[in-house]
Amino acid sequence: MKILVTAKRVEDYESKIKVKPDGSGIFLEGLKYKINPFDEIAVEEGLRLAAKHGGEVVVASVGGKEVQEQLRHALAMGAHKAVWVNHAGPLDQLGVAGLLAKVCEQEKPDMAILGKQAVDDDQNQVGQYLAELLGWGMATFASKVESLESDAEKAKAPGLAVSADGKAVRVVREVDGGLDTLDVQLPAVVTTDLRLNQPRYASLPGIMKAKSKPIAELTPAGLGVDVTPKLTITKMAAPPARKAGIKVPDVATLVEKLKSEAKVV
Amino acid sequence: MSIVLIVAELQPSGQLRKATLNAVTAGRQLAEKTGGELHLAVLGANPAPVAEELRGFGARAIHTVGGLSQYVAEPYTAALSQLVQSVKADYVGMAATAVGRDLLPRVAGRLRAAMASEVMGYEGSGADVQFQRPMWAGAVIATVKLTTALKVLSFRGTEFPMAEPTGGASEVKAFTASIPASKTAFVDFKEVKSARPNLTEARVVVSGGRGTKGDFKEVEALADLLNGAVGASRAVVDAGWVPNDYQVGQTGKVVAPTLYVAAGISGAIQHLAGMKGSKTIVAINKDGDAPIFQVADYGLVADLFKALPELRESLAKLKG
Ligand SMILES: Cc1cc2nc3c(=O)[nH]c(=O)nc-3n(C[C@H](O)[C@H](O)[C@H](O)COP(=O)(O)OP(=O)(O)OC[C@H]3O[C@@H](n4cnc5c(N)ncnc54)[C@H](O)[C@@H]3O)c2cc1C
Ligand SMILES: Nc1ncnc2c1ncn2[C@@H]1O[C@H](COP(=O)(O)O)[C@@H](O)[C@H]1O
């Protein structure tokens, strides 16, 4: 089976993001960049499915030449080949989905696995847009019943269950109030939640091997997609700060404060 | 004049999901800012009772689409997209719940519309209205402009109070959608049954983190004493100690109760993103340098296994 996964380049989720005082953007100095954590989970899931069912994992990323770093990271984890859509300017979710739809038409994967959200934009949209543009079924927020400390996880079993005839995938989803289960015909779009798996580390031999794996370069013009953003950011601001609190020495003081100061109990 | 269409969400039981009322407020505000009118949509197996329940909320019309079963994205996308076109909506929005997050971008895709997720407020007015939304786990509030004719919005419930009825009686109109066969089949829903109030609606939330080592007894006991909900950090959900439905944060639920108690939670920005709008925050952590203390109104450096029972007993005495 062929699986397409995505690897967006984002600020390390542990970086401290600070807005410039003029609201034009964030300070870039000292920021580290990584593969979006949800996309790393997508890559891992693709690799587990390919290990179980045979096949290959193609990783795609849209961005300037620096996104090749994230593609190499996915290749080092074990992805077989990479597709880089070279576009340096701003992009919105509809634009990215339009490009990924064209990549899917070329690559014809059985499944496209994306992260549920990119931790920079926090939009949670591209997978759903992509499924719609392709006319495919979808299952967002894929999870699994077993914990990340379970034996199934230690055995690197995939959380997505492909049916015996290879025509559908069963997906457990994290939704409000519990877990939802869907059967989706293939080809399908799946987006990952954090509980789907614990991604592997790239091994040293993996990193060496990744250097010789192919990265195909495409462009929006070549794919025939107009990526002029329909969503533009006009301003950025810091969120309102909370006023500084205090440390209380003991439970009795805490209760007293909650009662007479905060008046919440 | 613009048309703002707000979509009501039904729970699997068929009842109205309360977050809808926060979205109704967001819709009312948007209708005011754009000089437009508010419409509501109710989609489901049996939309009539919920449409009736919403008649007093001041909408120009309530559009019902029946004959749908349990929520699955494809049929609901078909139905809602046809409705949006039929009422010529300029804005379509709903609460940023799991359903809202799943459905709206797909509808936006069908209608080639731009979408802003987790909208917190507005800037400007008329056709130039822009939307405030969080980025980087809420470290930044961005103002965004959407340039497609139809604009799709999901709303962050904590930023808009629940709508109260305004009187009057909206006209209820049944809409018939044509629903093609779906490529997705619903299999089942494993509900987390709980007698406690809903996490996003509770006045008090008591959350536990990895510091509980999976022992939530004291967290639950305090929540129950205060008639509150139980929340958790992601670490606890990943470990399989509590259901995913308890997760508070950037990628879980956003809550803003009157009182939020965080026990054994370090305070990663991804967790803070989901609770820093709470009115009063109490943190109990044995590490005095834990980042949670930076947002806590009252911080107690202590072992939660000692502090939580003590806190519960004192509060119980106070209640008499
Ligand atoms: C993409 C992404 C998205 C994420 N989204 C979320 C999200 O939505 N919500 C979320 O919560 N996290 C999220 N996380 C995870 C987040 O980064 C943190 O890892 C997580 O919040 C840590 O959980 P914790 O505070 O329970 O655990 P830890 O960071 O391990 O902290 C445990 C704390 O308990 C204290 N402690 C230990 N024993 C005791 C005791 N006996 N008494 C008192 N205190 C004690 C320790 O001092 C420590 O501060 C996300 C991460 C990523 C990468
Ligand atoms: N520039 C990009 N390149 C590759 N994948 C992307 C890009 N932008 C978004 N995605 C994918 O879409 C998912 C959801 O992103 P978003 O809708 O922006 O939150 C991410 O987790 C990625 O898998």
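Below, chain A is the first sequence line, B the second, and so on; all start at residue 1.
- When all heavy atoms are compared, the tightest approach of A:Val175 to B:Phe189 is CG2-CE1, 3.7 Å.
- Only the side chain of A:Leu94 comes within contact range of chain B, with at least one heavy atom under 4.5 Å from a heavy atom of that chain.
- Distance check: A:Leu179 CG to B:Asp245 CG gives 8.5 Å after rounding to the nearest 0.5 Å.
- Residues A:Gln123 and B:Arg133 form a side-chain contact, since some pair of their non-hydrogen atoms from C-beta on lies under 4.5 Å apart.
- Side-chain contact between B:Tyr298 and A:Ile246 is present, with heavy atoms from C-beta onward closer than 4.5 Å.
- The structure places CE of B:Met135 at 7.5 Å from CD1 of A:Ile26, a figure rounded to the nearest 0.5 Å.
- Contact annotation for A:Tyr129: both backbone and side-chain heavy atoms come within less than 4.5 Å of a heavy atom of chain B.
- For a residue to count as touching a neighbouring chain, one of its non-hydrogen atoms must lie under 4.5 Å from one of that chain's; by this rule B:Gln11 does not touch chain A.
- Within the 4.5 angstrom heavy-atom criterion, no atom of A:Lys18 approaches chain B.
- Between the side chains of B:Gln250 and A:Tyr13, no donor-acceptor pair of N or O atoms lies under 3.5 Å.
- Nearest heavy atom pair, residue B:Gly138 against residue A:Pro239, reads O-CG, 3.2 Å.
- Interface remark: of the candidates B:Val107, B:Ile284, B:Val237, B:Val237 forms the most heavy-atom pairs closer than 4.5 Å to chain A.
- Atom CG of A:Leu182 sits about 6.5 Å away from atom OG1 of B:Thr184, to the nearest 0.5 Å.
- A:Phe141 and B:Arg101 make their closest contact through CZ-CB, 3.8 Å (heavy atoms, listed as atom of the first residue, atom of the second, distance).
- Side-chain contact check for A:Met138 versus B:Asp102: some heavy-atom pair is nearer than 4.5 Å.
- Of all the listed residues (A:Gly177, A:Ala237, A:Ser147, A:Gly135), the one sharing the greatest number of non-hydrogen pairs under 4.5 Å with chain B is A:Gly177.
- If you tally non-hydrogen atom pairs under 4.5 Å between each of A:Val119, A:Val184, A:Leu186, A:Val171 and chain B, the highest count goes to A:Val119.
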**OP:** Evaluate the criterion side-chain hydrogen bond (donor to acceptor under 3.5 Å, both in side chains) for residue pair B:Gln130 and A:Thr234; output intermediate values, then yes/no.
**Re:** CA-CA 9 Å; B:Gln130 300 191 9; A:Thr234 56; 2.6 Å; yes
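- Between the side chain of A:Asp122 and the backbone N or O of B:Ala137, at least one donor-acceptor pair lies under 3.5 Å.
- Contact annotation for A:Asp92: neither backbone nor side-chain heavy atoms come within less than 4.5 Å of a heavy atom of chain B.
- Only the backbone of B:Ser182 comes within contact range of chain A, with at least one heavy atom under 4.5 Å from a heavy atom of that chain.
- In this structure, the portion of A:Lys116 lying under 4.5 Å from any heavy atom of chain B is its side chain and not its backbone.
- The two atoms that bring B:Thr77 and A:Glu132 nearest to each other are CG2-OE1, 3.9 Å, heavy atoms only.
- Heavy-atom pairs under 4.5 Å with chain B were tallied for A:Asp121, A:Val172, A:Asn124; the largest tally goes to A:Asp121.
- Contacts of A:Arg242 with chain B are made by side-chain atoms alone, with heavy-atom separations under 4.5 Å and no backbone atom involved.
- Both the backbone and the side chain of B:Leu300 come within contact range of chain A, judged by heavy atoms closer than 4.5 Å.
- Heavy-atom distances place both the backbone and the side chain of A:Glu174 under 4.5 Å from chain B.
- Of the two parts of B:Ala113, only the backbone, made up of N, CA, C and O, holds a non-hydrogen atom closer than 4.5 Å to a non-hydrogen atom of chain A.
- Counting heavy atoms from C-beta on, the side chains of A:Asp180 and B:Tyr71 never come closer than 4.5 Å.
- Annotation: the span from A:Asp176 atom CG to B:Asn244 atom CG amounts to 9.0 Å, rounded to 0.5 Å.
- Only the side chain of A:Asp193 has a heavy atom closer than 4.5 Å to any heavy atom of chain B.
- In plain terms, the two heavy atoms of B:Ala139 and A:Val19 that are nearest each other are O-CG2, 4.2 Å.
- Remark: the A:Gln125 side chain and the B:Ser117 side chain contain an N/O donor-acceptor pair separated by less than 3.5 Å.
- A donor-acceptor distance shorter than 3.5 angstrom exists from the side chain of A:Lys247 to the backbone of B:Gly288, with no hydrogens or angles considered.
- When heavy atoms are compared at a cutoff of 4.5 Å, A:Ile233 approaches chain B by way of both its backbone and its side chain.
- At a 4.5 Å heavy-atom cutoff, the contact between B:Phe293 and chain A is made by side-chain atoms alone.
- Scanning all heavy atoms of the two residues, the minimum distance from B:Pro105 to A:Gln128 falls at CB-CB, 3.5 Å.
- Atom CG of residue B:Asp297 and atom NZ of residue A:Lys257 lie 11.5 Å apart, to the nearest 0.5 angstrom.
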